[in-house]
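The structure appears below as structure tokens.
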Amino acid sequence: MATKVQNAGPKKKQGFQGIRNAFWIIVVCFVAAVLIFKYLLGAPSNFVNNDPTGAVLNGNLAGTIYKGGVVVPVIHTLLLTVICLSVERWLALRTAFGKSSLVKFVANIKALVKDQKWAEAKAACDKMGGSVANVVLASINAYEAEDASTANVKVAQKVAKIEQAHEEATQLEMPTLQMNLPIIATIVTLGTLTGLLGTVTGMIRSFAALAAGGGGDSLQLSTGISEALINTAFGIATSWCAVISYNFFTNKIDKLTYALDEVGYTIAQTFEANHADA
């Protein structure tokens, strides 16, 4: 009597899998942004008579940014968050992709599967590591389990079980791959909107100062507008960075899922072809 091979799930994850609680990243970025705002941008040397409440030294960009108001550290928090989460996602996806070329790994696994060299295929998965290798290994285990099964089940049903094992293993890996990307996607819009908010509040403050002065001081008005538009510039720059980051990592995840689908299809079709006469 044949011994039934147990269908093992994906291997235990190894390496950096990402930071699950991004709240603390945002908190740290906020603290850093406040410190930069207060001690770097608001340094007395950036202002006339070393007075942060007074006029900005001519041509001093740091002082001009400081005059953007309380919205500035909020925008800087968003920008720092994008940078930190981009680094975090890059490290996590580097682990997920494995230790060697994904294209070569997929081609090698497809060749081994077609030749039914299961031991070599498992060894290749162990050597590769990462999410793709975990899913492929789960599919191979499912293949062997169905191949060793003595139950009177149609081939199509066994193929469906292999495909199901592949899908389940993929779904277990996807949360790790997509983790924290929704935050970056949110900052795409939030960065621009926060910048516009800073611009509007800055313009209100400028016109209020002119009204209180009772005159049309063009220098004061142009200075206020310059300070207000700084927020818009930084808000747009934050959204720009967030868009690039989000699209870059989404594209990498798409490549990985395409590779998984390709290998999964090959394993299922190989089983069906080898048991066509069953």
Side-chain angles (χ1 to χ4, degrees), residues 16-43 46-47 52 56 59-94 96 174-209 221-255:
F16 181 75
Q17 300 299 319
I19 299 175
R20 298 188 179 278
N21 194 347
F23 171 77
W24 295 111
I25 293 180
I26 299 174
V27 170
V28 171
C29 289
F30 176 73
V31 171
V34 171
L35 293 176
I36 292 173
F37 178 75
K38 183 175 180 62
Y39 296 106
L40 182 61
L41 303 179
N46 297 327
F47 305 92
V56 179
N60 190 289
L61 181 60
T64 303
I65 296 174
Y66 178 81
K67 288 296 183 178
V70 295
V71 177
V72 172
V74 176
I75 298 176
H76 283 182
T77 298
L78 297 177
L79 180 59
L80 291 174
T81 300
V82 170
I83 294 173
C84 291
L85 290 182
S86 296
V87 173
E88 182 264 351
R89 283 295 84 203
W90 183 79
L91 292 173
L93 289 180
R94 187 178 67 170
M174 289 307 294
T176 300
L177 301 178
Q178 297 175 339
M179 186 168 54
N180 295 329
L181 283 182
I183 297 177
I184 297 178
T186 302
I187 295 176
V188 169
T189 302
L190 199 58
T192 301
L193 292 179
T194 307
L196 291 176
L197 175 63
T199 299
V200 171
T201 56
M203 295 291 289
I204 292 173
R205 189 168 60 250
S206 297
F207 282 108
L221 179 61
S222 61
T223 301
I225 293 175
S226 174
E227 294 169 355
L229 291 179
I230 285 291
N231 289 323
T232 301
F234 271 97
I236 292 174
T238 298
S239 295
W240 185 77
C241 293
V243 166
I244 292 177
S245 176
Y246 180 80
N247 289 334
F248 174 78
F249 292 117
T250 300
N251 182 58
K252 289 184 72 69
I253 292 173
D254 287 343
K255 289 182 179 179

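It should be emphasised that the depicted structure is a prediction, and the values quoted were computed from it without experimental measurement.
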Task: Value rounded to 0.5 Å, distance of CD1 in I187 from SG in C241 - done: 10.5 Å

Task: Nearest-0.5 Å distance that lies between atom CD1 in I183 and atom CG in L190 - done: 11.5 Å

Open item on the list: Is there a side-chain contact between M179 and L85 in this structure, where contact means two heavy atoms from C-beta onward sitting under 4.5 Å apart?
Closed with: no

At their closest point, which heavy atom of [X] faces which heavy atom of [Y], and how far apart are they?
X   : Y    : answer
A22 : N180 : CB-OD1, 3.4 Å
E88 : I19  : OE2-N, 2.8 Å
L93 : K252 : CD1-CB, 4.3 Å
G69 : P73  : O-CD, 3.6 Å
T77 : T81  : O-OG1, 2.7 Å

Does [Y] offer a backbone N or O that forms a donor-acceptor pair with the side chain of [X] under 3.5 Å?
X    : Y    : answer
R89  : Y246 : no
K255 : T250 : no
T201 : G198 : yes
S239 : V188 : yes
N46  : V56  : no
N231 : G195 : no

TODO: Apply the test side chain to side chain contact (heavy atoms under 4.5 Å, CB included) to residues M174 and I253: give CA-CA distance (whole Å), side-chain angles for both, the deciding distance (0.1 Å), then the verdict.
DONE: CA-CA 9 Å; M174 289 307 294; I253 292 173; 3.9 Å; yes

- [ ] Check the pair L78, V82 against side chain to side chain contact (heavy atoms under 4.5 Å, CB included), reporting the backbone distance first and the verdict last.
- [x] CA-CA 6 Å; L78 297 177; V82 170; 5.7 Å; no

Task: Check against side chain to side chain contact (heavy atoms under 4.5 Å, CB included), F248 and S86 - done: CA-CA 10 Å; F248 174 78; S86 296; over 6 Å; no

Donor-acceptor pairs under 3.5 Å, side chain of residues 23-41 to any protein atom, not counting sequence neighbours: which ones?
none

Task: side chain to side chain contact (heavy atoms under 4.5 Å, CB included) evaluation trace for F234 with T194 - done: CA-CA 9 Å; F234 271 97; T194 307; over 6 Å; no

